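As the structure is a computational prediction, the values presented were derived from the model and not from experiment. Counting starts at 1 for both ligands and their atoms, following the listed order.
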Amino acid sequence: VLNRLATIVRSQHVLTEPDERAGYEIDWTRRYRGDALAVVRPGSTAEVAQVLSVCNEGSIAVVPQGGNTGLVGGSVPRPDRAAVVLSLARLDECSIDAQHGEAVVGGGVILESFQEASRASGWDLAVDLAARGSCTIGGMVATNAGGEHVVRYGPMAQQLIGVEAVLADGTVVGHVPALRKDNTGYHWAGILAGSEGTLGVVTRAHLRLVAVLPARVVALLGLPDLEAALAVTGKLRRTLPELNAVEVCFADGIDLVRSVTGMPAPLSQRAPVNVVVETAGDDVDLLVDRLGGAVAAAGGMLDSAIASTEADRARLWRYREAHTEAISTLGVPHKLDVSIPFDRMLEFERRVRALVSDAGAQLVLFGHLGDGNLHVNVLGPSADDARIDDAVLDLAASLGGSISAEHGIGIAKRSAFARTRSTAELDAMRAIKRALDPRAILNPGVLFS
Ligand SMILES: Cc1cc2nc3c(=O)[nH]c(=O)nc-3n(C[C@H](O)[C@H](O)[C@H](O)COP(=O)(O)OP(=O)(O)OC[C@H]3O[C@@H](n4cnc5c(N)ncnc54)[C@H](O)[C@@H]3O)c2cc1C
């Protein structure tokens with residue numbers, strides 16, 4: 001099989017040596033790893049189709065991989081089943097339609113490279129996230145990535161005009177370029193968004209872009225507690241249509257980021273809760289006035305800082321964005337990404353703190369407050385001890401929340417999947433999986449065991 005794959009992609013793109021494979025076999029969190037039979041790096045949709053056809057014939061498991069920044073263990077082989085890692089990194093072509101604000105982008109294009117190219121032509125992808133230097137457009141489609149601007153533009157699924165994907169047997173589906181409006185039957189883009197590499201391999205995406213907003217202003221608000229932060233968020237959402245992001249982090253997280261980065265304190269006093277707010281529009285002075293006025297009117301703040309220059313904005317964002325990396329310096333975290341109804345958020349915070357403290361573990365919370373999305377990071381329990389994960393996810397589900405707001409199910413949350421999806425829904429999902437991938441070669445073990 002490896003010889004046949006080498007004929008398709010050329011032998012230099014079939015990596016079999018342990019040191020060549022190593023980086024593809026362990027995930028970003030270092031919690032998940034498994035052996036790859038080989039890493040195969042196709043360079044076109046046609047090559048992806050041939051590779052899948054060969055693997056399907058031999059019932060060989062295939063793990064699609066983009067930037068390997070996923071946080072639920074879905075992008076690396078499982079220990080119980082050797083697999084071919086299908087790296088899509090070479091699908092790196094992109095063409096931007098600067099007149100109509102659309103782009104056809106290869107599944108392996110790195111978000112940051114795409115941002116540079118699209119911004120130069122006056123357009124931007126609405127989804128942005130801290131992993132931008134490594135995550136790929138294909139991975140973002142496959143995980144239906146959310147990120148920092150969901151509060152304004154929605155997640156990746158809402159940016160898709162069309163998706164081209166290769167099914168397990170090598171069949172190519174989805175028109176790309178697609179039409180803005182095309183209501184003919186099942187919507188492939190919708191089916192593939194969030195499918196986590198279990199239904200097809202995303203080879204190209206046709207993306208809707210938004211105009212680059214030349215002016216941006218960022219504020220960091222220090223608040224006494226989460227209740228005050230939620231109250232301010234509601235007021236800002238109501239008064240600022242230009243609101244681009246509302247993110248939250250807590251004093252212990254800021255302390256950790258400061259100790260790892262050496263950054264100074266962001267505010268004159270240490271605030272228990274910190275909210276990063278961004279607005280974007282045409283006129284920076286107007287944005288500063290409006291955000292400053294809205295913050296003053298909202299009240300309840302211990303202190304605040306506002307930034308309009310690029311360097312100052314980046315510095316305020318870094319207090320929030322550096323959380324993921326800073327947490328990883330403490331060990332291998334249990335990363336749980338939940339969304340909670342706004343009216344249960346305070347109860348969730350109180351109970352999750354008690355739960356993690358009772359387990360003798362360390363908690364670092366942060367997240368996308370404007371979307372009701374908290375990232376629960378727990379340090380202490382060993383990587384294979386899932387008790388704390390179960391307890392946190394049970395708590396989220398019992399409060400009417402979701403066990404995965406934006407990271408997906410992967411391997412990490414598979415056993416909790418049934419907590420917030422009905423049996424009928426799970427059966428329907430399994431039926432789709434069986435129909436499109438009858439030999440279960442595509443990312444087996446992700447979503448379903
Ligand atoms: C610092 C940091 C910050 C992050 N912030 C956010 C955030 O704010 N919001 C958010 O949603 N996520 C966030 N993430 C998680 C991650 O970046 C996203 O899930 C991202 O979309 C994954 O893209 P990737 O190319 O790295 O995919 P990978 O990690 O390579 O793969 C992720 C999943 O998609 C599948 N896959 C990958 N490429 C393809 C393809 N071409 N076709 C089919 N399946 C494929 C894989 O099999 C796997 O199941 C963050 C991660 C890090 C490390």
Not counting sequence neighbours, which residues clear side-chain hydrogen bond (donor to acceptor under 3.5 Å, both in side chains) with [X]? List them please.
X	value
H206	E102
E112	none
R208	none

Mutual orientation of the aromatic rings belonging to H368 and H375 [parallel < 30°, tilted 30-60°, perpendicular > 60°]: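 H368 and H375: perpendicular rings.
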Any donor-acceptor N/O pair, R4 side chain to V54 backbone, under 3.5 Å: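 Not a single qualifying donor-acceptor pair exists.
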Taking side chain as C-beta onward, heavy atoms only, is D19 less than 4.5 Å from R21?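 Heavy-atom side-chain distance check fails, nothing below 4.5 Å.
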Sorted by chain and number, the residues that approach ligand 1 to under 4.0 Å with a heavy atom: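 Those residues closer than 4.0 Å to ligand 1 by some heavy atom are W28, P64, Q65, G66, G67, N68, T69, G70, L71, G74, S75, L88, L129, A130, A131, C135, T136, G138, G139, M140, A142, T143, A145, G146, G147, E196, G197, G200, V201, V202, T324, H368, E406, H407, N443.
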